[in-house]
Amino acid sequence: MPHKKEESERIFVSWGSLGAKIKKYRELRGLTQKQLGMLCGFSATTADVRIGQYENNKKVPRDKALKDLARALEIDESALLDGDMLFLNNIYHALFDIEDFHGLHPVKKGDTYYLEFSGETVLNRIVTRKDYSQFLEDWYEMREKCEPEPSDTKEQIEQKRKEYALWRGEYPNNVLQEAAERRDALRRMNHLQAEMDILNAQVKSEEELSRIDAALEPVMPSVKENYTPITLESEFIYIVKEMITGHIGIERTAPDEEFSSGSQFWHVLSIRTEELLNDENKLALFAKLVCAVETMQSLGVQIERSVTSRKSELFITYKCPNSQYLNFNNLSKHWDDMMDVITGKGVFNDTGRQYMENKFREMITGDNDVRFPAKEVQ
């Protein structure tokens with residue numbers, strides 16, 4: 001008889017209720033009711049009773065208690081705020097709510113129905129298919145990772161189930177934490193790479209400049225014979241344009257930190273040295289640039305070369321003092337226009353290309369041009 005009375009008084013706890021969720025995460029963390037209660041700040045004498053009341057839904061934890069429970073269980077607080085999804089009617093109306101606020105709705109593809117995030121919400125927000133793609137990707141990848149394999153043991157299957165359940169409880173904080181850790185690691189890696197590049201350039205600078213000069217020596221006489229000294233920035237720009245057209249990869253941004261914020265130098269351009277040293281045609285085009293630099297120097301433009309490094313690759317880099325940046329302002333200002341002309345961006349015939357070329361010429365010549373040396377900026 002007492003046994004039957006106990007059975008009749010036992011409270012049904014829905015698996016989707018708040019109490020069941022607290023119990024689920026407690027057990028996943030390997031905690032007793034007493035241990036969890038004490039982690040939440042309850043005394044040792046009442047801890048298990050309080051948690052038992054929560055888990056049996058006899059008491060509903062208030063906001064502070066919910067926060068304490070989530071913190072102690074190391075899960076996102078929202079994991080304990082969801083409604084009871086065990087019953088179908090609750091699911092239907094939860095999905096209707098998601099439709100209202102997040103654009104979830106059914107779509108039909110063939111004979112099958114799917115759910116999709118898109119459309120307008122009751123808050124006049126337009127949802128696109130991409131808005132929730134990161135969440136769905138995170139979810140899909142973790143679900144795939146924890147999918148049991150035919151060869152898995154019972155213990156391995158249980159461990160995957162536990163890992164998946166805890167991942168959901170910790171989401172999105174776990175993913176955000178992982179992303180933050182990856183960003184920190186990437187920043188540290190980039191910082192170390194930058195330090196290595198600075199050392200690489202310092203150690204190899206003299207040797208690399210000697211290699212470049214030795215490679216230039218046999219081609220310079222013929223290049224100088226056909227070279228016409230330049231006096232205008234537009235003429236320098238067209239030499240750079242010719243090099244890029246000749247498939248020389250010229251870097252617009254500086255390879256190292258020498259030109260970061262607060263630098264005293266203006267980065268003009270950088271070229272991979274290995275690219276020059278392994279191709280005679282490219283070396284001849286580069287020799288023309290060297291002649292132009294020598295001409296500018298003779299006119300008073302303070303442009304100089306150095307060796308820089310990016311990800312262990314060496315570059316020949318040209319720079320000038322910030323006070324003389326006007327000598328190369330059009331090159332920087334109209335770089336994208338120059339690249340559009342070279343690639344023929346957006347045009348499909350010779351007439352269009354010629355139009356682009358003419359517009360580009362107007363941008364860098366005439367009144368827009370600079371005669372060397374430009375007036376220094378004070």
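- Around atom CD of Glu280, no more than 12 heavy atoms belonging to other residues, nucleotides or ligands sit under 6.0 Å away.
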(request) Check the pair Met243 / Ile271 against side chain to side chain contact (heavy atoms under 4.5 Å, CB included), numbers first and verdict last. (result) CA-CA 10 Å; Met243 292 175 68; Ile271 308 162; 3.5 Å; yes

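- For Tyr25, the ring-ring contact (aromatic ring centres under 6.0 Å, His included) test picks out no residue, with sequence neighbours left out.
- In this structure, the side chains of Leu216 and Val219 come closer than 4.5 Å at one or more pairs of heavy atoms.
- For the residue pair Asn173 / Gln177, no side-chain donor-acceptor distance below 3.5 Å is found, with atom types taken as modelled.
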(request) Could you go through the side chain to side chain contact (heavy atoms under 4.5 Å, CB included) check for Tyr238 and Arg361 one step at a time? (result) CA-CA 10 Å; Tyr238 273 107; Arg361 185 177 292 276; 3.5 Å; yes

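- Shown here are the side chain to side chain contact (heavy atoms under 4.5 Å, CB included) partners of Asn200, two or more places apart in sequence or in another chain: Lys204, Ser309, Leu314.
- Residues satisfying the side-chain hydrogen bond (donor to acceptor under 3.5 Å, both in side chains) test with Arg129, not counting sequence neighbours, are Glu116.
- The minimum heavy-atom distance linking Lys282 with Leu276 is given by the pair O-CD2, 4.0 Å.
- Evaluation of the side chain to side chain contact (heavy atoms under 4.5 Å, CB included) rule for Lys311 yields Gln193 as partners, not counting sequence neighbours.
- Side-chain contact of Gln134 with Asp138: a donor-acceptor pair under 3.5 Å is present, judged by distance alone.
- Taking a 6.0 Å sphere around NZ of Lys34, one finds it holds 12 or fewer heavy atoms contributed by other residues, nucleotides or ligands.
- Side-chain atoms of Asp76 and Pro172, non-hydrogen and from C-beta on, do get closer than 4.5 Å to each other.
- A donor-acceptor contact closer than 3.5 angstrom is absent between the side chains of Ser298 and Thr295.
- For Val127, the side chain to side chain contact (heavy atoms under 4.5 Å, CB included) partners two or more places apart in sequence, or in a different chain, are Phe117, Thr121, Arg125, Asp131, Tyr132.
- Annotation for Trp167: atom CH2 counts as buried by contact number, over 12 foreign heavy atoms lying within 6.0 Å.
- With a 4.5 Å cut-off between side-chain heavy atoms of Ile, Leu, Val, Met, Phe, Trp and Tyr, the cluster of Leu186 takes in Met189.
- Taking the six-membered ring for Trp, Phe135 and Tyr171 have ring centres closer than 6.0 Å.
- Using a cut-off of 4.0 Å between Lys/Arg side-chain N and Asp/Glu carboxylate O, Arg305 and Asp213 are scored as salt-bridged.
- Closest approach of Lys21 and Ala79 over heavy atoms only: CD-O, 3.6 Å.
- Each of Ile364, Leu331, Val341 was evaluated against Lys241; a single residue qualifies, Val341, per the side chain to side chain contact (heavy atoms under 4.5 Å, CB included) test.
- Nearest heavy-atom pair across Phe87 and Ser14 is CE1-OG, 3.9 Å.
- Heavy-atom contacts from other residues, nucleotides or ligands closer than 6.0 Å to CD of Glu120 number more than 12.
- Within 6.0 Å of the CD atom in Gln264, the count of heavy atoms belonging to other residues, nucleotides or ligands does not exceed 12.
- The line from SG of Cys40 to CZ of Arg71 is 6.5 Å long, rounded to the nearest 0.5 Å.
- Between the side chains of Ser234 and Asp369, at least one donor N or O sits under 3.5 Å from an acceptor N or O.
- The side-chain hydrogen bond (donor to acceptor under 3.5 Å, both in side chains) test applied to Thr273 returns Glu208, not counting sequence neighbours.
- When Glu147, Lys145, Met142, Gln159 are each tested for a side chain to side chain contact (heavy atoms under 4.5 Å, CB included) with Tyr164, only one passes: Met142.
- Annotation for Arg353 and Thr343: closest pair NH2-O, 3.8 Å, computed over non-hydrogen atoms.
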(message) For His247 and Asp279: C-alpha separation, side-chain torsions, deciding distance, then whether side chain to side chain contact (heavy atoms under 4.5 Å, CB included) applies.
(response) CA-CA 11 Å; His247 305 291; Asp279 190 311; over 6 Å; no

(message) Could you go through Gln354 and Asn358, starting from their C-alpha distance and side-chain angles, then the distance that decides it, and tell me whether this counts as side-chain hydrogen bond (donor to acceptor under 3.5 Å, both in side chains)?
(response) CA-CA 6 Å; Gln354 190 58 54; Asn358 292 340; 3.0 Å; yes

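- Within a 6.0 Å sphere centred on CG of Asp63, heavy atoms belonging to other residues, nucleotides or ligands number 12 at most.
- A cation-pi arrangement is present between Arg50 and Phe42, with the terminal nitrogen or guanidinium carbon under 6.0 Å from the aromatic centre and inside a 45° cone about the axis.
- No more than 12 heavy-atom neighbours from other residues, nucleotides or ligands sit within 6.0 angstrom of CZ on Arg143.
- Between Leu66 and Leu81, some side-chain heavy-atom pair lies under the 4.5 Å cut-off.
- For Arg211 and Glu274, the salt-bridge test passes: some basic side-chain N is under 4.0 Å from an acidic carboxylate O.
- With sequence neighbours excluded, no residue satisfies ring-ring contact (aromatic ring centres under 6.0 Å, His included) with Phe101.
- Checked against a 6.0 Å centroid threshold, the rings of Phe328 and Phe236 count as neighbours.
- Around CE of Met339, the count of heavy atoms belonging to other residues, nucleotides or ligands within 6.0 Å exceeds 12.
- Under the 4.5 Å side-chain heavy-atom criterion for Ile, Leu, Val, Met, Phe, Trp and Tyr, Ile230 and Met220 are members of the same hydrophobic cluster.
- Not a single ring-ring contact (aromatic ring centres under 6.0 Å, His included) links Phe286 to another residue, sequence neighbours left out.
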(message) Run the side chain to side chain contact (heavy atoms under 4.5 Å, CB included) test on Val293 and Glu304 for me, step by step, so that the C-alpha distance in whole Å, both residues' side-chain angles and the decisive distance to 0.1 Å come before the verdict.
(response) CA-CA 8 Å; Val293 168; Glu304 57 184 74; over 6 Å; no

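- Taking all atoms of both residues into account, the shortest heavy-atom contact from Ala374 to Asn327 is N-OD1, 2.7 Å.
- Inter-residue side-chain proximity for Tyr355 and Val347 is flagged as unmet; no heavy-atom pair is nearer than 4.5 Å.
- Cation-pi geometry between Lys59 and Tyr54 is not met: the NZ or CZ atom fails to fall both under 6.0 Å from the ring centre and inside 45° of the normal.
- The shortest non-hydrogen separation linking His267 to Pro255 is NE2-CD, 4.1 Å.
- In this structure, Ile75 CD1 and Glu170 CD are separated by 8.5 Å, a value rounded to the nearest 0.5 Å.
- At least one side-chain heavy atom of Thr253 sits less than 4.5 Å from a side-chain heavy atom of Arg310.
- Within the structure, salt bridge (charged side-chain N to carboxylate O under 4.0 Å, His left out) pairs that include any residue of residues 93-109 do not occur (at least two apart or interchain).
- Follow the hydrophobic side-chain contacts under 4.5 Å out from Leu69 and you never reach Val13; the two are in separate clusters.
- Legend: residues meeting side chain to side chain contact (heavy atoms under 4.5 Å, CB included) with Arg62, ordered by chain and number and at least two apart, are absent.
- Grouped with Val107 in one hydrophobic cluster are Tyr114, the linkage being side-chain heavy-atom contacts under 4.5 Å among Ile, Leu, Val, Met, Phe, Trp and Tyr residues.
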